[in-house]
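Index from 1, following the sequence.
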Amino acid sequence: MLTDGTVSLRAPEPNDIDDMYVWENDPSVWVDGCVRAPMSRKALCDYVNSYNPDPAATGQMRLIIELNATGDPVGVIDLYDYDPLNRRAGVGILIDPAHRTHGYATATLRLLCDYAKIHLGLHQLWAIVNRANQPSLQLFSTAGFRSCGSLRSWIRIGESYSDALFYQRLLTT
């Protein structure tokens, strides 16, 4: 298990489905991801039961964020658009609203960066962050990611659009 003393990262298990169901079906976080529709419990069951942790095979990897002190799941972190040729992947993170502002996201990102560098041999991680999402902008900056570009009118919110910032962290420096 990947751990830093505060949080641990592990593969999704069947007992995580109820939490994942709540997180995936929260419309308030849809604007910061690529999902705009509810997800069924069956789809999550199928995903967990067929989970393949090899990003080279699936192009992605999802890990549950668990508190070491209690064993409670507090969120998920995803690697996606895994590119083995250029040794990079996108990263997305969700912390349950009841567990935000405790530093768990920062600890998780740092742990994932170490894992991606040491075990996956990645050169860089990147994220696209809604310019209006100040907590996420602060999170990625704190975790060593640097803003390296702006994407105009990138995220649709209702009938309008928001800019996004492209964040990148080189893992070899």
Would you check if the distance from the ring center of Trp154 to the ring center of Phe166 is below 6.0 Å?
no
Listing request: all side chain to side chain donor-acceptor pair (under 3.5 Å) pairs with a residue in residues 97-110, at least two apart in sequence or in separate chains.
none
If we only count heavy atoms from C-beta on, is the [X] to [Y] side-chain gap below 4.5 Å?
{"X": "Ile95", "Y": "Ile65", "answer": "yes"}
{"X": "Leu137", "Y": "Leu165", "answer": "yes"}
{"X": "Met61", "Y": "Tyr115", "answer": "yes"}
{"X": "Pro55", "Y": "Gln60", "answer": "no"}
{"X": "Ile77", "Y": "Leu109", "answer": "yes"}

Has [X] got a side-chain atom pairing as donor or acceptor with [Y]'s backbone, closer than 3.5 angstrom?
{"X": "Asp163", "Y": "Ser153", "value": "yes"}
{"X": "Asn86", "Y": "Arg88", "value": "no"}
{"X": "Arg169", "Y": "Gln124", "value": "no"}
{"X": "Asp114", "Y": "Leu111", "value": "no"}

Of the non-hydrogen atoms in Met39 and Asn25, which two are nearest, and what is the gap between them?
N-OD1, 2.6 Å
Side chain to side chain contact (heavy atoms under 4.5 Å, CB included) between Ile157 and Ile155: does it pass, once the steps are laid out?
CA-CA 6 Å; Ile157 303 170; Ile155 299 170; 4.2 Å; yes
Report the C-alpha separation of Leu67 and Thr70 in whole Å, then their side-chain angles, then the decisive distance to 0.1 Å, and conclude whether the side chain to side chain contact (heavy atoms under 4.5 Å, CB included) test is met.
CA-CA 6 Å; Leu67 292 182; Thr70 63; 3.6 Å; yes
For side chain to side chain contact (heavy atoms under 4.5 Å, CB included), just list the numbers for Leu139 and Phe145, CA-CA rounded to whole Å, side-chain angles, deciding distance to a tenth of an Å, and then say yes or no.
CA-CA 9 Å; Leu139 166 65; Phe145 285 71; over 6 Å; no
Do the side-chain N and O atoms of Arg146 and Ser141 include a donor-acceptor pair separated by under 3.5 angstrom?
no
Does the distance from a Lys or Arg side-chain N to an Asp or Glu carboxylate O, for Arg62 and Asp78, drop under 4.0 Å?
yes
Counting only heavy atoms from other residues, nucleotides and ligands, does the tally under 6.0 Å from OH of Tyr51 exceed 12?
yes
With Arg41 as the cation and Tyr21 as the aromatic partner, state whether NZ or CZ is under 6.0 Å from the six-membered ring centre and within 45° of the axis.
yes
What is the ring orientation for Phe140 with Tyr167, classed by angle as parallel under 30°, tilted 30 to 60°, or perpendicular over 60°?
tilted
Take Asn130 and Ser136 through the test side-chain hydrogen bond (donor to acceptor under 3.5 Å, both in side chains) and record every step on the way to the result.
CA-CA 8 Å; Asn130 184 341; Ser136 287; over 6 Å; no
Given the rule in the side-chain hydrogen bond (donor to acceptor under 3.5 Å, both in side chains) test, do Ser162 and Arg156 qualify, once you have shown the distances and angles that lead to the verdict?
CA-CA 6 Å; Ser162 176; Arg156 185 172 64 92; over 6 Å; no
Criterion side chain to side chain contact (heavy atoms under 4.5 Å, CB included) on Asp96 and Trp23, from CA distance to verdict:
CA-CA 7 Å; Asp96 185 280; Trp23 298 329; 2.8 Å; yes
